[in-house]
Amino acid sequence: MSDKHLLSRRRVLEYGSGLLAIAMIPAPAIAAPTDADAAHQALFGDRTVTEGRVVLKVPPISENGYSVPLSVEVDSPMTENDHVVRIAIFSEENPLPDVARFELGPRAGKARIDTRIRLGNTQKIRAVAEMNDGALYGTSTFSIVTLAARVL
Amino acid sequence: MAMTRIAAPAQAAAGEIIQLKVLIRHPMETGYRRDLYGKQIPRDILKRFECRYNGETVFAAELFPAVAADPFPDFLYPSDRIWRT
């Protein structure tokens with residue numbers, strides 16, 4: 001094609017539609033740690049969270065962000081008078097800050113849950129446990145994600 | 001429909017803590033992904049899982065979509081529960 005036709009009608013249409021297509025891809029939703037804070041606040045309000053009693057296990061290096069084993073355990077006797085009511089998992093960098101919420105009761109023999117989650121980025125994962133007396137305990141772990149889950 | 005498999009010990013003494021493993025085959029599609037043609041794949045998420053014992057909810061999980069709450073897009077392993085029979 002000669003120089004004269006560099007900006008031919010066809011070319012303009014080709015490139016133009018390409019640009020339009022790029023413009024139409026929505027900006028990826030990226031959460032910031034503040035979103036995790038907001039999610040936490042929506043669920044637990046302003047109550048203070050004490051560090052400890054919760055053990056959150058996520059591999060320090062997650063090779064596959066699509067499937068990251070996660071294990072939470074709360075040190076609690078799980079009796080009628082002293083048990084875990086709820087455990088919430090938050091992510092700081094996923095498009096949505098909520099990961100999962102678990103509801104437990106005294107009938108659960110142990111406050112332990114294993115599951116698998118998706119991680120969209122190298123990030124900190126938080127776990128917060130609510131006791132039946134309203135006390136909150138929490139912890140967080142960092143995980144480096146080699147292959148991020150394509151959640152966008 | 002999601003296919004579910006529950007693994008529980010065949011026998012358990014009263015008061016014994018047993019481990020329940022639930023495996024749900026579900027894509028847990030985030031709704032953010034696109035197919036080969038750039039069309040958005042609709043969101044398909046299991047939102048709630050409940051385990052009842054004699055009508056009483058023993059364990060429940062609320063699962064979130066795009067986030068991450070699940071295993072491989074193929075199946076979900078929501079809880080690896082330990083409970084008291």
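Numbered from 1 within each chain, the chains take letters A, B, ... in sequence-line order. Note that these values count all heavy atoms, side chains included, but never hydrogens, waters or copies made by symmetry.
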Student: Going through the distances and angles, do A:Glu103 and B:Glu50 end up as a side chain to side chain contact (heavy atoms under 4.5 Å, CB included)?
Tutor: CA-CA 9 Å; A:Glu103 292 159 33; B:Glu50 262 186 27; over 6 Å; no

Student: Determine whether more than 12 heavy atoms belonging to other residues, nucleotides or ligands lie under 6.0 Å from atom CD of A:Glu63.
Tutor: no

Student: Between B:Ala61 and A:Phe102, which heavy-atom pair has the shortest distance, and what is it?
Tutor: CB-CD2, 3.5 Å

Student: Any salt bridge (charged side-chain N to carboxylate O under 4.0 Å, His left out) involving residues 123-139 of chain A? Give me the pairs, sequence neighbours left out, ordered by first then second residue.
Tutor: A:Asp37-A:Arg126, A:Arg47-A:Glu130, A:Arg86-A:Glu130, A:Glu92-A:Arg126

Student: Considering only Ile, Leu, Val, Met, Phe, Trp and Tyr, and joining two whenever side-chain heavy atoms are under 4.5 Å apart, list the other residues clustered with A:Val85.
Tutor: none

Student: Hydrophobic clustering (ILVMFWY, side-chain heavy atoms < 4.5 Å, transitive) - are B:Phe49 and A:Ile113 grouped together?
Tutor: yes

Student: Calculate, to the nearest 0.5 Å, the distance between atoms CG and CZ belonging to A:Asn94 and B:Phe64 respectively.
Tutor: 12.5 Å

